2 protein chains.
Amino acid sequence: MNLKELSNRLGLSPTTVSRALNGYPEVSERTRKRVMDAAAQYNYSPNSRAKRLATGRAMTIGHLLPMSKEHEMVNPIFSDFIAGAGRRYAEEGYDLMLTVVRDEDEAETYRDLATRGAVDGVVLHGPKTNDPRITTLTSLGLPFVVHGRSSNVPTEYNWVDVNNRRAFERATSLLLDLGHRRIALVNGLAELDFAMRRGAGYSDALQARRIAVDEDLISHGEMTETYGYARTRALLRAPCPPTALILSSIIPAIGARRAISDAGLEIGKDVSVVVYDDDLSYFRNDGDVPTYTAARSSVRYAGRRAADMLLDTIANPTASKRHLLLEAELTIGQSTGPAPEMRRYLDQG
Amino acid sequence: MNLKELSNRLGLSPTTVSRALNGYPEVSERTRKRVMDAAAQYNYSPNSRAKRLATGRAMTIGHLLPMSKEHEMVNPIFSDFIAGAGRRYAEEGYDLMLTVVRDEDEAETYRDLATRGAVDGVVLHGPKTNDPRITTLTSLGLPFVVHGRSSNVPTEYNWVDVNNRRAFERATSLLLDLGHRRIALVNGLAELDFAMRRGAGYSDALQARRIAVDEDLISHGEMTETYGYARTRALLRAPCPPTALILSSIIPAIGARRAISDAGLEIGKDVSVVVYDDDLSYFRNDGDVPTYTAARSSVRYAGRRAADMLLDTIANPTASKRHLLLEAELTIGQSTGPAPEMRRYLDQG
DNA sequence: ATGCATTTCCAAAACGCTTTGGATTTCCCA
DNA sequence: TGGGAAATCCAAAGCGTTTTGGAAATGCAT
């Protein structure tokens with residue numbers, strides 16, 4: 001069943017039927033009703049491909065899922081971000097197109113999406129410092145929103161980000177307040193912009209208390225359970241181990257817990273742990289007292305807001321660039337407590 | 001730059017240019033080369049929307065990401081499955097379209113995708129027993145592949161599944177061999193077909209040893225960390241706690257570990273744990289000795305094979321239905337050991 | 001040189017929709 | 001009962017490809 005056939009059955013022209021269905025005012029309500037009913041009856045909906053050709057709009061938003069050859073990992077936060085964004089797309093009649101791509105092909109893929117006219121806009125994930133993809137997308141003239149920010153990019157661009165620096169500054173301060181002085185930072189890959197910002201927040205807090213930053217306590221890696229385990233284990237075996245850890249995601253924190261437990265230590269007592277919590281749907285860190293003390297910000301919500309921003313950009317292409325900085329909330333859970341020395345002091349008191 | 005403009009510059013007809021680019025034999029190699037070069041120079045690639053209208057093919061595969069209102073969780077294995085499947089789509093020139101949908105709208109969405117002609121086929125996730133979606137898709141005539149199987153569906157359909165029953169039968173047998181007699185099963189949601197099969201495998205193994213199935217040891221839930229924690233905690237506090245646990249995913253196993261640790265017990269010694277491991281990219285359970293004893297089967301590989309199957313079905317629509325049953329491998333890790341009573345016996349020996 | 005098969009290319013139709021620019025009808029008021 | 005405005009509808013021209021059905025040019029053997 002297509003438009004021509006439907007209009008034949010109704011004894012109307014395709015023009016009128018099309019207008020009736022798309023809510024144009026040039027058609028009487030009586031006719032519109034008749035058309036709508038017939039469309040429902042024959043289960044007609046306009047062919048996407050034809051519609052998109054005629055309107056010149058793809059009605060599709062693209063997301064690239066880049067996979068590197070060495071560590072071919074899918075970012076675990078990706079699915080929750082997509083869930084948030086995709087819900088909005090669906091509500092607005094947009095489709096979501098996901099392209100799994102080797103990361104060396106990423107720029108080429110953006111170019112391809114643009115010239116093919118396959119999407120009306122894209123979301124850029126995991127920006128690095130001075131990310132070249134931003135320049136690429138800008139020059140392609142393809143509307144886009146960055147999830148995160150990229151330092152040192154000369155041009156303006158749309159972004160939705162969390163105040164990572166402040167979140168980690170606050171997390172570090174919390175541990176300092178508890179008497180911890182040797183605090184390890186288990187951070188994301190060094191080239192990622194958010195990791196850089198988090199590192200800066202951590203350093204800020206230490207320096208505000210005149211505590212030197214010990215590079216041995218800082219590490220960068222992919223946010224896997226294995227990485228969290230290996231790194232924590234190494235830290236605890238060092239000559240002068242930290243009394244507290246800050247981890248950039250809840251996934252490596254799972255590994256950290258395992259390493260702490262393996263070492264015969266207790267989390268929240270012998271070793272304090274603060275995590276950055278993206279509020280992943282399968283790993284809710286809530287309850288009366290959350291398992292982990294955490295700086296929390298819902299990545300799903302970020303996805304929703306990024307979608308809003310992108311759709312708005314597509315609708316108003318000439319408007320100035322949009323920015324949204326979300327704040328993480330710091331919630332106390334079971335994984336933090338006074339530093340061991342402090343604990344002895346308190347016990348005496 | 002479109003086809004007409006390109007052909008103008010070349011002094012050729014659109015027909016010839018189109019044929020040259022699409023590798024048809026009616027064009028001389030010399031002309032083809034000239035066209036290809038010009039296309040590269042002007043960075044031309046055919047407009048997807050027009051191409052798809054003309055060919056009548058969407059060149060797109062659909063995946064639905066259903067989200068229920070109560071427990072709005074994204075299945076953590078989804079992203080790895082997509083990564084595997086999406087890679088194949090990209091290689092074959094297909095796009096991947098993801099639709100985030102409230103699960104009560106799922107059937108309606110399939111119908112819409114079909115009538116709109118938005119996709120050439122879909123992958124069905126998380127089939128329940130006698131899943132109505134299979135009937136819907138069959139009647140729509142939309143090619144599809146099920147990731148998993150659905151019992152009691154009268155018609156034939158394509159599927160890629162793991163031999164869940166055997167995997168759980170073997171996992172249970174392993175624990176029985178180690179002397180465990182009270183083995184808990186922490187399973188997925190009861191309505192999911194794979195949970196049913198896993199339960200059957202578990203029961204098979206017990207009954208083969210003439211051990212009665214204790215319903216109190218079996219539970220169903222969503223595979224979150226929180227669920228694994230709560231359930232394990234409850235089990236360990238019961239009057240007659242199990243000495244071993246089998247968990248349907250590595251995610252609740254994380255919670256189980258936490259509960260065991262909280263109870264002052266040691267995993268692999270006081271309590272044995274076997275997990276079903278989907279080989280998630282951010283939670284690799286490998287190393288010299290894996291953390292968990294596990295029945296492992298890569299969900300990413302399953303995604304790739306499902307994609308193969310679907311593309312093949314689209315190319316040969318009349319062929320008979322295809323099935324692929326993958327076997328999980330059972331690998332011994334650090335989380336299992338002899339049952340405590342057995343251990344005492346062995347220690348004496 | 002001639003005839004025939006190949007090679008090489010093209011004009012025009014088709015895909016299914018939207019949208020432009022009228023044409024026709026209806027309505028309202030003087 | 002006109003006349004103009006408003007309401008209602010339509011024919012036809014796109015949108016940018018692919019594909020059908022030839023036409024012209026070339027190559028080869030005679």
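Predicted model, so just to flag it, every value in this text is computed and none were measured. Reckoned from all heavy atoms, side chains included, excluding hydrogens, waters and symmetry mates. A note on names: the letters A, B, ... follow the listed sequences, proteins ahead of strands, and every chain is numbered from 1.
- Residue N2(A) places no side-chain N or O under 4.0 Å from the OP1 or OP2 atom of dC15(C).
- The aromatic rings of Y157(B) and F144(B) lie parallel to each other, their planes meeting at an angle below 30°, with 60° marking the opposite boundary.
- Residue T15(A) is classed as a base contact, given a heavy-atom separation below 4.0 Å to a base.
- For K33(A) and E29(A), the salt-bridge test fails: no basic side-chain N is under 4.0 Å from an acidic carboxylate O.
- Comparing A54(B) and T31(B) by the nucleotide of DNA chain C that holds the closest heavy atom to each, the one mapping nearer the 5' end is T31(B).
- Of the residues listed (L3(B), V17(B), V35(B)), the one engaging Y44(B) in a side-chain contact (heavy atoms from CB on, under 4.5 Å) is L3(B), and it is the only one.
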Could you check K51(B) against M59(B) for side-chain contact (heavy atoms from CB on, under 4.5 Å), going step by step and ending with a plain yes or no?
CA-CA 10 Å; K51(B) 184 166 192 164; M59(B) 292 306 284; over 6 Å; no
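- The distance from atom CZ of R52(B) to atom P of dC17(C) is 17 Å, rounded to the nearest whole Å.
- Look at CG on L53(B): it is 13 Å from C1' on dA13(C), rounded to the nearest Å.
- In this model, the phosphate group of dC17(C) is not approached by any side-chain N or O of S18(A) to a distance below 4.0 Å at OP1 or OP2.
- One interatomic measurement links the two molecules: CE of M59(A) to P of dG16(C), which rounds to 21 Å at whole-angstrom precision.
- Rounded to an integer number of Å, the gap from CZ of R34(B) to C1' of dC9(C) is 12 Å.
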Working note: D279(B) + R300(B), criterion side-chain contact (heavy atoms from CB on, under 4.5 Å); need CA distance, chi angles, decisive distance, verdict.
CA-CA 8 Å; D279(B) 206 17; R300(B) 185 182 300 215; over 6 Å; no
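- Sequence order on DNA chain D of the closest nucleotides to R19(B) and Y44(B) puts Y44(B) first from the 5' end.
- A side-chain contact (heavy atoms from CB on, under 4.5 Å) with S150(A) is found for one member of N152(A), V146(A), V153(A) and no other, namely V153(A).
- If you take CZ of R57(A) and C1' of dC17(C), they are 15 Å apart, rounded to a whole angstrom.
- Atom NZ in K4(B) sits about 13 Å away from atom C1' in dA11(C), given to the nearest Å.
- Counting 5' to 3', DNA chain D first comes under 4.0 angstrom of a heavy atom of chain A and last does so at the ends given by dT8(D) to dG16(D).
- R30(A) places its CZ atom 13 Å from the C1' atom of dT25(C), with the value rounded to the nearest Å.
- Geometrically, R133(A) does not engage Y110(A) in a cation-pi contact defined by less than 6.0 Å to the ring centre and at most 45° from the axis.
- Between the OH atom of Y24(A) and the P atom of dC17(C) there is a distance of 15 Å, rounded to whole Å.
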